[in-house]
There are 2 protein chains.
Amino acid sequence: MPEPLSLIDQAERQCLARGVRFTPIRRRVLEMIATSHGALKAYDLLDQLAKEHGAARPPTIYRALDFLLEQGLVHRIESLNAYLACHCPEHQHGFQLLICRGCGRVEEMHDDDLGTRLVASADRHGFSIERQTIELEGRCQDCTSQAAAMAENAQ
Amino acid sequence: MPEPLSLIDQAERQCLARGVRFTPIRRRVLEMIATSHGALKAYDLLDQLAKEHGAARPPTIYRALDFLLEQGLVHRIESLNAYLACHCPEHQHGFQLLICRGCGRVEEMHDDDLGTRLVASADRHGFSIERQTIELEGRCQDCTSQAAAMAENAQ
DNA sequence: AAATAATATGATATAACATAACAATAATGA
DNA sequence: TCATTATTGTTATGTTATATCATATTATTT
């Protein structure tokens, strides 16, 4: 599983370049989020972290999350109160999250055209947009196939 | 202010047609949300309701909200943990919320083409979408003008 | 109308999510 | 080194939401 490592390396380089500190706690929290299959909740992160670091308390996690969010290294999923590592933090503009109801997998999509259209559409309503939250909930391919197979067997 | 009244009448007719009960608590909660300028938080609703109805407790509000959400009469704003009356509950498909950072106003937008494109885009990623959460945060026309005017005066 | 079933509300407790405030420590810069 | 700033520790509390079981209301059946 080399990808999470490279994600951490990338984060480290980015923090260095920006002159912000990628402390052990921040690194560890990002690692936890990155190696998780789906999104993680703040208190699940806290439980995990507390095993290695007895002093961990809610502010410990929320501070680390705030930092990682500011740096664009993680995203918050508003509809789940959960957090997801960003695999392309250099990507500056809006993104869309695809959330699977079946397996909990969350994928980050970058349809820039869509983001542009949203902003244009909002502009026609007199709104100038500074932040987009786009969360699409449904089923991923695997879970759709699986549901279809089960329906098949039930016949 | 005739609009909130007609919204309530519309809700009443819709519930009657669907064979679900538009009880006094549900009606009152919808009225409160509808007459508010922006979005309302659950505990603000609770405080208001408790003044008229001493027995009101968190479950009272959350049950009413769950009902109204199910019936499509209100929307939940995930990024604010707040609730907004829907002025066109007959409208079945997706919607987009425009949230003003300045005055807190929230507007419901219906760019159906956009919703369709999102679904198509997600489909290309293997996801079949069942629910869309689209929240765009920025400034409404009034608040943009106001900010511009203030910058002008500051010169 | 009475009995039954289904739905809604009352009431208490607690779970889940998040921040305030201040003290202590560690890193950075003059 | 000393002062400054940033980070973390620590305690407490604020905010948002649900579980559970009792009671009451409404609808349905007889």
Side-chain angles (χ1 to χ4, degrees), chain A residues 11-12 15-30 32-33 36 38-71 73-84 104 133 135, chain B residues 11-12 15-30 32-33 36 38-71 73-84 104 133 135:
Chain A
E12 178 144 44
C15 289
L16 196 61
R18 293 184 184 172
V20 297
R21 284 159 59 189
F22 196 50
T23 64
I25 291 180
R26 292 167 177 176
R27 169 192 294 266
R28 192 70 194 96
V29 170
L30 181 57
M32 287 174 177
I33 302 178
S36 149
L40 278 178
K41 303 234 164 195
Y43 275 70
D44 293 338
L45 284 165
L46 177 55
D47 291 346
Q48 263 192 259
L49 187 64
K51 284 179 193 160
E52 314 167 357
H53 183 78
R57 296 285 179 278
T60 314
I61 285 294
Y62 283 105
R63 284 166 181 161
L65 287 172
D66 285 347
F67 172 84
L68 297 170
L69 288 165
E70 267 169 27
Q71 300 301 321
L73 296 168
V74 316
H75 299 311
R76 180 179 152 79
I77 308 174
E78 299 290 348
S79 59
L80 301 177
N81 295 338
Y83 303 85
L84 177 75
T133 301
E135 300 177 4
Chain B
E12 176 144 46
C15 289
L16 197 62
R18 293 183 183 173
V20 296
R21 285 159 58 190
F22 195 52
T23 65
I25 291 179
R26 292 167 177 177
R27 168 192 295 267
R28 193 70 193 95
V29 171
L30 181 57
M32 287 174 177
I33 302 178
S36 149
L40 279 177
K41 302 234 163 196
Y43 277 73
D44 293 337
L45 284 165
L46 176 55
D47 290 344
Q48 262 191 260
L49 186 64
K51 284 179 192 160
E52 315 169 355
H53 183 77
R57 297 284 179 279
T60 314
I61 286 294
Y62 283 104
R63 284 165 180 159
L65 286 172
D66 284 347
F67 172 86
L68 297 170
L69 287 165
E70 268 170 27
Q71 299 303 319
L73 297 168
V74 317
H75 299 310
R76 180 179 152 77
I77 308 174
E78 299 291 347
S79 58
L80 301 178
N81 295 337
Y83 303 85
L84 176 77
T133 300
E135 300 177 3

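Letters A, B, ... are given to chains in the order of the sequence lines, protein chains preceding strands, and every chain is numbered from 1.
- Atom CG in L49(B) sits roughly 15 Å away from atom C1' in dA11(C) (whole-Å rounding).
- A donor and an acceptor atom sit less than 3.5 Å apart, one in the side chain of Y43(B) and one in the base of dA17(D).
- Residue K41(B) places at least one side-chain N or O under 4.0 Å from the OP1 or OP2 atom of dT16(D).
- Geometrically, R27(B) does not engage F22(B) in a cation-pi contact defined by less than 6.0 Å to the ring centre and at most 45° from the axis.
- OP1 or OP2 of dG9(D) has at least one side-chain nitrogen or oxygen of H53(A) nearer than 4.0 Å.
- In the set dT8(D), dA18(C), dA8(C), the nucleotide with an atom closest to the side chain of R63(A) is dT8(D).
- The interatomic distance linking L46(B) (CG) with dT15(D) (P) rounds to 13 Å, in whole Å.
- Taking every side-chain heavy atom of R26(A) into account, dT8(D) is the closest of dT8(D), dC17(C), dT11(D).
- The nucleotide whose nearest atom lies closest to any side-chain atom of N81(A) is, among dG9(D), dG10(C), dA18(C), dA18(C).
- Each of P24(B) and P58(B) has a nearest nucleotide on DNA chain C; the 5'-most of these lies closest to P24(B).
- When rounded to the nearest whole Å, the span between CD of E78(B) and P of dA16(C) equals 18 Å.
- Using a distance-only test at 3.5 Å, with no hydrogens or angles considered, no donor-acceptor pair links the side chain of E135(A) to the main chain of T133(B).
- Residue T23(B) places at least one side-chain N or O under 4.0 Å from the OP1 or OP2 atom of dT9(C).
- Nearest nucleotide to the side chain of R57(A), out of dA18(C), dA8(C), dT11(D): dT11(D).
- The shortest distance between side-chain heavy atoms of L45(A) and L65(A) falls below 4.5 Å.
- With DNA chain C read from its 5' end, the first of the two nearest nucleotides for A55(B) and R21(B) is the one closest to R21(B).
- When the P atom of dT28(C) is taken as reference, atom CG of L16(A) falls 11 Å away, rounded to whole Å.
- Between dT19(C) and Y62(A), no contact under 4.0 Å exists linking OP1 or OP2 to a side-chain N or O.
- Atom CD1 in I25(B) sits roughly 14 Å away from atom C1' in dT23(D) (whole-Å rounding).
- Nucleotide dA19(D) holds its P atom 18 Å from the CD1 atom of I61(B), rounded to whole Å.
- The distance from atom CG of L65(A) to atom P of dT7(D) is 15 Å, rounded to the nearest whole Å.
- Within the structure, the side chain to side chain donor-acceptor pair (under 3.5 Å) test picks out the following pairs touching residues 41-55 of chain A (sequence neighbours left out): R28(A)-E52(A).
- Atom P of nucleotide dA6(D) and atom CG of D66(A) are separated by 16 Å, given to the nearest angstrom.
- Residue Y83(A) places its side chain closer to dA18(C) than to any other of dA18(C), dT18(D), dT11(D).
- Within the structure, salt bridge (charged side-chain N to carboxylate O under 4.0 Å, His left out) pairs that include any residue of residues 60-71 of chain A do not occur (at least two apart or interchain).
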